[in-house]
Amino acid sequence: IVVGVDRTGRLVRQLLDMSAIEALDQPERSGVVKPAAVLRSLAEELADPGRDVAVEVSPDLDAVELEIEPELFTLAARNLMENAVNHSPSGGVVRCRLAGTCEGGRVVIEDDGPGIPDDELAQVTERFFRGRNKAPIGSGLGLAIVELALGRGGWKLQLQNRDTGGLRAVIAHAT
């Protein structure tokens with residue numbers, strides 16, 4: 001019952017998030033966000049002692065500011081981190097770091113989970129798509145929300161399987 005209630009609560013929150021993003025009156029929203037602060041806050045929020053998955057936010061993100069509406073970045077980062085934590089095995093690590101320079105960098109979130117089968121990579125951002133490696137509490141909306149939120153902020157999502165296992169999600173500027 002508890003798992004069902006948790007899953008339903010998350011689904012309702014994600015549907016409301018998606019509706020809020022779609023209802024924005026401006027096609028692209030702007031602002032400035034410090035990703036390190038957002039990621040550390042989300043790491044604390046998502047900490048689950050029963051899961052034993054560590055979240056590391058690299059100090060190289062401390063000097064970074066991104067030109068994106070903070071609410072949009074937070075929605076995208078929350079969904080990426082939830083997915084990373086939920087797909088990582090017990091004892092796994094979710095790593096948040098910078099790729100590139102502070103000015104032209106990209107935010108990277110990596111996990112130790114199973115990754116996404118290559119034949120499903122093109123579909124995972126479709127609403128309600130749940131692939132073979134789905135987590136029990138997911139609804140298939142997380143990556144669709146990420147793509148929509150980042151797109152509204154002038155950014156994009158890039159997904160790659162890691163050579164050592166797991167998934168690499170990259171938040172990169174769209175231009």
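In this structure, CZ on Arg152 lies 12.5 Å from CD on Glu147, to the nearest 0.5 angstrom. Residue His87 holds its NE2 atom at 9.0 Å from CG of Leu167, rounded to the nearest 0.5 Å. In this structure, CD in Glu69 is found 9.0 Å from OG1 in Thr74, a value given to the nearest 0.5 Å. With values rounded to the nearest 0.5 angstrom, Ile171 atom CD1 is found 7.5 Å from Ile68 atom CD1. Rounded to the nearest 0.5 angstrom, Leu159 CG and Thr125 OG1 are separated by 7.5 Å.
Side chain of Trp155 to backbone of Glu67: a donor-acceptor contact under 3.5 angstrom is found. Here the side chain of Asn161 pairs no donor or acceptor atom with the backbone of Gly115 at under 3.5 angstrom. Remark: side-chain polar atoms of Asp111 are not paired, donor with acceptor, to backbone N or O of Val94 under 3.5 angstrom.
Side-chain contact between Leu157 and Val170: absent, with no pair of heavy atoms (C-beta onward) separated by less than 4.5 Å. Proximity of Leu66 to Val107: side-chain heavy atoms (C-beta onward) are separated by under 4.5 Å at one or more points. The shortest distance between side-chain heavy atoms of Val108 and Leu98 does not fall below 4.5 Å. In this structure the side chain of Leu80 reaches within 4.5 angstrom of the side chain of Leu143, judged on heavy atoms. Using a 4.5 Å cut-off on side-chain heavy atoms (C-beta onward), Leu150 and Lys156 make no contact. A 4.5 Å side-chain heavy-atom check between Asp112 and Pro89 finds at least one atom pair inside the cut-off. Side-chain contact between Val55 and Val85 is present, with heavy atoms from C-beta onward closer than 4.5 Å. Contact check for Arg95 versus Ser58: no side-chain heavy atoms found under the 4.5 Å cut-off.
Here the closest heavy-atom approach between residue Leu72 and residue Ala149 is recorded as O-CB, 3.6 Å.
Pairs passing the salt bridge (charged side-chain N to carboxylate O under 4.0 Å, His left out) check and including a residue from residues 73-83, sequence neighbours excluded, read Arg10-Glu82, Arg13-Glu82, Glu45-Arg78. Residue pairs that meet the salt bridge (charged side-chain N to carboxylate O under 4.0 Å, His left out) test with at least one member in residues 165-175, sequence neighbours left out, are Glu110-Arg168.
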Distance-only donor-acceptor hits, side chain of residues 31-43, under 3.5 Å, sequence neighbours excluded:
unit_1 : atom_1 : unit_2 : atom_2 : d
Lys34  : NZ     : Glu65  : OE2    : 3.4
Arg40  : NH1    : Asp62  : OD1    : 2.6
Arg40  : NH2    : Asp62  : OD1    : 3.2

